[in-house]
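Okay, structure first, notes after.
Along the sequence shown, residues are numbered consecutively beginning with 1. Nothing here was measured: the structure is a model prediction, and the numbers come from that model. Numbering of ligands and ligand atoms starts at 1, following listing order.
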Amino acid sequence: MTDLILTEQADHILTVRIHRPDRKNALTHAMYTGLGDALEQAKNDPDIRCVLFTGSDDCFTAGNDLGEFAAGLPGAFEDTPVGRFLFLLASATKPVVAAVNGPAVGIGTTMLLHCDMVFAGANTRFQMPFVNLGLCPEGASSLLLPSWLGRVRAAELLMLGDAFTADDAARLGLINRVCDPAETETTAREICTRLAKQAPAAMRATKALLNRPTQADLRDTMIAEGKRFAGLLKAPEAAEAFRAFEEKRDPDFSTFK
Ligand SMILES: C/C=C/C(=O)SCCNC(=O)CCNC(=O)[C@H](O)C(C)(C)COP(=O)(O)OP(=O)(O)OC[C@H]1O[C@@H](n2cnc3c(N)ncnc32)[C@H](O)[C@@H]1OP(=O)(O)O
């Protein structure tokens, strides 16, 4: 049980809030377990008709805790808390909405690819800096981004790993709306309220049909990504990237082959 993931159930909506302000909401194994537990709760409780993921007005999440990354993955990807969370998210049958502000880094961006609707504050900075960290894509982003955005746009986001704005994300079709950061959560909650009033069986069928084109390959993709990711985590390139982050400098990959 972690107090860094806060849940609240009201009006048929389960709000799941990432709350680790001193570390920019960076996600630890315990926090992934909390996120996975929340999705199990949503799956099993018929009173819950919609899930809302959020952080605070100035931060969604800085992605995986880099200190924990340095210690490697605790087991095969599919057995880790992050693997369980991503599988549960990708197989959720009820609508999932995200309200995002500030940094949404790494899994903070890729988890949104599995949300049904995403509302982002104008202060949001999305980023998938996997290669910049000596790592590779996760969360089935290597499957979903090229199929939705096209190969070259996906390669740009994943290979350069630059941050991009909420306006960029809206142009790419990755989010629904750019909001005033103070109103992102309220806007998302209004949508959740409407989703929770919709016919549940029709909603499940619609979600299943929207997911159908990629669903069969999602799990295999995540496992393939997870295998490479786990290998790269143990390699010197990632070690250099993590050291550089700690030392607040750019990584130097010039000597690696
Ligand atoms: C399977 C999942 C994969 C992934 O998610 S890969 C992605 C991993 N994440 C990252 O690479 C992001 C690393 N963090 C950053 O780049 C920056 O932060 C931000 C852009 C998110 C925010 O920058 P700024 O506003 O300048 O804040 P700050 O001073 O860098 O951070 C405040 C404190 O939070 C700690 N922190 C930030 N991100 C992480 C993290 N991901 N893991 C652990 N700690 C983190 C810092 O170190 C610092 O702490 P102190 O105040 O003690 O210096």
Side-chain angles (χ1 to χ4, degrees), residues 2 4 18-33 35-36 53 55-90 98 100-114 120-121 123-145 157-166 181 221-235 237-251 253:
T2 173
L4 306 180
I18 308 172
H19 181 66
R20 193 187 178 202
D22 57 325
R23 292 273 145 191
K24 297 277 169 187
N25 289 345
L27 295 165
T28 61
H29 302 311
M31 290 166 75
Y32 287 124
T33 299
L35 293 172
F53 280 113
S56 64
D57 281 356
D58 63 1
C59 186
F60 184 55
T61 170
N64 205 99
D65 185 286
L66 290 177
E68 282 199 352
F69 256 171
L73 282 186
F77 173 79
E78 54 271 35
D79 303 324
T80 58
V82 60
R84 169 178 172 257
F85 162 61
L86 284 170
F87 289 145
L88 281 166
L89 180 60
V100 182
N101 284 322
V105 187
I107 195 167
T109 294
T110 59
M111 67 177 277
L112 304 175
L113 307 177
H114 303 281
N123 62 347
T124 308
R125 289 292 175 275
F126 300 95
Q127 192 178 10
M128 291 175 284
F130 304 117
V131 176
N132 316 48
L133 291 166
L135 300 170
C136 68
E138 40 77 332
S141 53
S142 64
L143 169 73
L144 298 176
L145 289 172
L157 295 178
L158 291 169
M159 290 182 173
L160 294 177
D162 290 337
F164 55 102
T165 64
T221 303
M222 287 194 201
I223 290 172
E225 289 172 341
K227 271 195 188 124
R228 283 178 188 259
F229 197 100
L232 288 166
L233 262 185
K234 290 189 258 173
E237 293 179 0
E240 160 58 11
F242 300 150
R243 227 178 3 255
F245 181 73
E246 257 179 46
E247 294 168 5
K248 300 188 190 296
R249 61 169 173 83
D250 288 336
F253 298 125

Can you report which non-hydrogen protein atom sits closest to [atom], along with the distance?
atom: atom 11 (O) of ligand 1; value: Leu133 CD1, 3.5 Å
atom: atom 15 (C) of ligand 1; value: Phe245 CE1, 3.7 Å
atom: atom 40 (C) of ligand 1; value: Ala26 CB, 3.5 Å
atom: atom 27 (O) of ligand 1; value: Lys24 CE, 3.3 Å
atom: atom 12 (C) of ligand 1; value: Ala62 O, 3.3 Å
atom: atom 42 (N) of ligand 1; value: Leu66 N, 2.9 Å
atom: atom 34 (O) of ligand 1; value: Arg23 CA, 3.5 Å
atom: atom 5 (O) of ligand 1; value: Asn64 N, 2.9 Å

Problem - Nitrogen or oxygen atoms of Ile107 and ligand 1 under 3.5 Å apart - result: yes

Problem - Qualifying residues under side-chain contact (heavy atoms from CB on, under 4.5 Å), relative to Ala30, sequence neighbours excluded - result: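 Ala30: side-chain contact (heavy atoms from CB on, under 4.5 Å) contacts with Thr2, Thr28.
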
Problem - Option passing side-chain contact (heavy atoms from CB on, under 4.5 Å) with Phe126 (candidates Thr165, Leu112, Leu157, Thr110) - result: Leu112

Does ligand 1 have a heavy atom under 4.0 Å from the side chain of [X], from its backbone, from both, or from neither?
X: Asp22; value: backbone
X: Glu138; value: side chain
X: Lys248; value: side chain

Handout entry: Sub-4.0 Å protein heavy atom near atom 23 (O) of ligand 1
Key =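 So far as the 4.0 Å threshold goes, atom 23 (O) of ligand 1 is out of reach of every protein heavy atom.
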
Practice task
Can you confirm whether something in the protein, heavy atoms only, sits under 4.0 Å from atom 51 (O) of ligand 1?
Solution key: no

Practice task
Quick one: pull up CG in Leu133 and CG in Leu232 and give me the separation to the nearest 0.5 Å.
Solution key: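 Interatomic distance, Leu133 CG to Leu232 CG, rounded to 0.5 Å: 11.0 Å.
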
Practice task
Side-chain contact test, heavy atoms from C-beta onward, threshold under 4.5 Å: evaluate it for Met222 versus Leu143 and give yes or no.
Solution key: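 No, side chains not in contact.
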
Handout entry: Heavy-atom side-chain proximity of Tyr32 to Asn64 below 4.5 angstrom
Key = yes

Problem - Glu78 side chain to Gly83 backbone, donor-acceptor under 3.5 Å - result: no

Taking all non-hydrogen atoms of both residues into account, name the closest pair between [X] and [Y] and its distance.
X: Ser142; Y: Thr221; answer: OG-CG2, 3.7 Å
X: Arg20; Y: Asn25; answer: N-OD1, 2.6 Å
X: Pro129; Y: Gly106; answer: CD-N, 3.9 Å

Practice task
Using salt bridge (charged side-chain N to carboxylate O under 4.0 Å, His left out) as the criterion, list what pairs up with Arg243, not counting sequence neighbours.
Solution key: Glu240

Practice task
Within a distance under 4.0 Å of any heavy atom of Gly63, pick out the atoms of ligand 1 and give their elements.
Solution key: 5 (O)

